[in-house]
Amino acid sequence: MSVMVLIGAQWGDEGKGKATDLYGERVNWVVRYQGGNNAGHTVVLPDGQKFALHLIPSGILTPGVSNVIGNGVVIDPGVLLTELGGLDERNVDTSRLFISADAHLIMPYHVAIDKVSERYLGKAKIGTTGRGIGPAYQDKVARLGVRVQDLLDPSILAQKVEAALDIKNQILVKIYNRKGLDAGRIVDTVLEQAEAFKHRISDTRLELGEAVRRGEHILLEGSQGTLLDVDHGTYPYVTSSNPTAGGAAVGSGLGPTSITSVLGILKAYTTRVGSGPFPTELEDQWGEYLRKTGGEIGVTTGRLRRCGWFDAVIARYATRVNGITDYFLTKLDVLSSLETVPICVAYDVDGQRHDEMPLTQTGFHHATPIYEEMPGWFEDISHCRSFSELPANAQAYVNRVEELSQARVSAIGVGPGRDQTIVVHDVLAG
Ligand code: GDP
Ligand code: IMO
Ligand code: MG
């Protein structure tokens, strides 16, 4: 039995979709445990077909795998239907997708409030994906949320939507000067949508617990990343859930003792979408170089990703807060053709060296990177399939990343395809 959590170690978009797909054939279950359709996970199948998944686990693309949308996820029913429809059209078997009865729903008022509140914040905006994620999690914690199981009882659903709208309409109308929404219409729409996926609602906690008992293999697919975690990230420029490893237990219903390993997905450089501090950000031609060479454009919103050099302070932090044992270092190929490759090893904060994350968020805002220059390589490495085939300087770069991050690099991505991976250690074998 193995239960592996797969975590983004930076600010998201590290290549979690590709990594999930790589291990998909060797697991029985793939589980999303937090976030919602703010995520955009890209998978490129061996035949070249490219998929972008937002809500449905990336394991859906591997025949025979059971997929779970866990209790910790927030689900927009309309998006779920569109995504299922898109997969059906491309002949992907979606019959083994199960949805937790306890997952919360993203309602139209969550999306409306997400959008207007960001507009209202102006320059101080978080830069959210505008998908209603934050407002849906706010309602969950405020005990005002609507859950998947409410779709099974129209009168309870109507009561809950009416109670929530009582407050939401006041916010929309009185604070944001927008039109209020109609409870009856919302209820009718979601009930109609639910007809298409009601049969998938199940006690996923029980299913996963039984799977563990039978000795099956489970992969918990994180979305977003460590620095976007509401507790451990660069608050308030974060998402509203816990992508970190602790969140995997809460959001799936598997006890922490079931988890056998934590794999961090780490990009060979750093990117971020939306607002917030980013010490190694490059606003010059090198930032543009990484964006262009790495194709750094958001899968969900189409926004250009901010780019910068590798930040080892962040990686070390991610190792610690997630208990990461192994890393999948992605996009090493993007760094080919550079004379030197800088690595941020520590920060200078107001004249003082910090080898670890500064105590306060203000400190992090003031952090400027202290770089170490690694010699670059010019060879195209996208065809390398073993560590020894990599140019000596690329090997040295990986070794230095490993040393600074304090966890072993077990896989290296040299291109978007499943086979464009160098496996150094088999993480599923332990
Ligand atoms: P996720 O949100 O963590 O799943 O990552 P995204 O899918 O948003 O962004 C990662 C992008 O990098 C996708 O376009 C992937 O196809 C691509 N990708 C993943 N691994 C590699 C790699 O090793 N090399 C290259 N060149 N691209 C990669
Ligand atoms: P994947 O799973 C990168 C960012 C948004 C914004 C902040 C809050 O593909 O790695 P939200 O809509 O969640 O309230 O936005 O979080 N963000 C992501 N950035 N990858 C993601 O997902 C993200 N999901 C949210 O850009 O800064
Ligand atoms: Mg993404």
Side-chain angles (χ1 to χ4, degrees), residues 1-8 12 16-41 43 51 53-75 79-80 83-84 87 92-104 147-149 197 200-225 229 239 241-265 322-323 328 427-428:
M1 182 275 289
S2 66
V3 178
M4 181 165 82
V5 187
L6 194 152
I7 302 278
K16 298 176 292 294
K18 171 178 162 162
T20 303
D21 174 63
L22 178 71
Y23 298 107
E25 273 179 358
R26 295 174 57 204
V27 299
N28 308 96
W29 299 79
V30 176
V31 183
R32 276 281 307 271
Y33 59 85
Q34 48 68 235
N37 61 306
N38 46 352
H41 294 183
V43 177
F51 288 85
L53 294 149
H54 299 282
L55 190 52
I56 297 175
S58 303
I60 203 77
L61 300 171
T62 307
V65 172
S66 298
N67 289 270
V68 168
I69 299 181
N71 57 278
V73 176
V74 284
I75 301 174
V79 171
L80 178 63
E83 200 160 321
L84 279 168
L87 290 169
V92 175
D93 175 15
T94 58
S95 62
R96 295 203 60 77
L97 174 71
F98 305 100
I99 301 172
S100 166
D102 287 349
H104 281 244
R147 294 192 290 174
V148 166
Q149 60 183 275
F197 63 84
R200 300 176 186 275
I201 303 174
S202 69
D203 185 348
T204 54
R205 232 179 257 123
L206 179 64
E207 307 245 14
L208 292 172
E210 293 285 301
V212 167
R213 223 168 44 84
R214 288 193 299 268
E216 295 180 0
H217 303 289
I218 301 174
L219 195 156
L220 297 158
E221 178 185 4
S223 62
Q224 290 76 57
D229 185 283
T239 192
S241 67
N242 290 115
T244 48
V250 176
S252 65
L254 282 170
T257 51
S258 312
I259 294 170
T260 50
S261 62
V262 181
L263 176 70
I265 315 302
N322 292 297
F328 187 149
V427 286
L428 283 180

Q. Side chain to side chain contact (heavy atoms under 4.5 Å, CB included) between Ile69 and Leu80: does it pass, once the steps are laid out?
A. CA-CA 11 Å; Ile69 299 181; Leu80 178 63; 4.0 Å; yes
So how far is it from [X] [atom1] to [Y] [atom2], rounded to the nearest 0.5 Å?
{"X": "Thr94", "Y": "Arg200", "atom1": "OG1", "atom2": "CZ", "answer": "4.5 Å"}
{"X": "Ile265", "Y": "Leu6", "atom1": "CD1", "atom2": "CG", "answer": "4.0 Å"}
{"X": "Asn38", "Y": "Ser241", "atom1": "CG", "atom2": "OG", "answer": "7.0 Å"}
{"X": "Leu61", "Y": "Thr20", "atom1": "CG", "atom2": "OG1", "answer": "10.0 Å"}

Q. How close do Gln149 and Asp102 get, heavy atom to heavy atom, and via which atoms?
A.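 Shortest heavy-atom separation between Gln149 and Asp102 comes out as NE2-OD1, 2.6 Å.
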Q: List for me each residue that meets salt bridge (Lys or Arg N to Asp or Glu O under 4.0 Å) alongside Asp229, sequence neighbours excluded, and say none if there are none.
A: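 Testing Asp229 for salt bridge (Lys or Arg N to Asp or Glu O under 4.0 Å), a comparison that skips the adjacent residues, returns none.
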Q) Side-chain contact, heavy-atom cut-off 4.5 Å: Ile218 with Val68? A)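 No, too far: nothing below the 4.5 Å cut-off.
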(Q) Under the criterion side chain to side chain donor-acceptor pair (under 3.5 Å), I'd like the reasoning laid out for Asp93 against Ser95: C-alpha separation, chi angles, the key distance, then a yes or no. (A) CA-CA 6 Å; Asp93 175 15; Ser95 62; 2.8 Å; yes
(Q) Given 3.5 Å as the limit, does a donor-acceptor pair link the side chain of Glu83 with the main chain of Ile56, or not? (A)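 Side chain of Glu83 to backbone of Ile56, a donor-acceptor pair under 3.5 Å: yes, one is there.
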Q) Is a side-chain donor or acceptor of His217 paired with a backbone partner of Ser2 at a separation under 3.5 angstrom? A)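 Yes.
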Q. Between Phe98 and Trp29, what is the ring plane arrangement, given parallel below 30°, perpendicular above 60°, and tilted in between?
A.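 The arrangement is tilted - the two ring planes meet at 30° to 60°.
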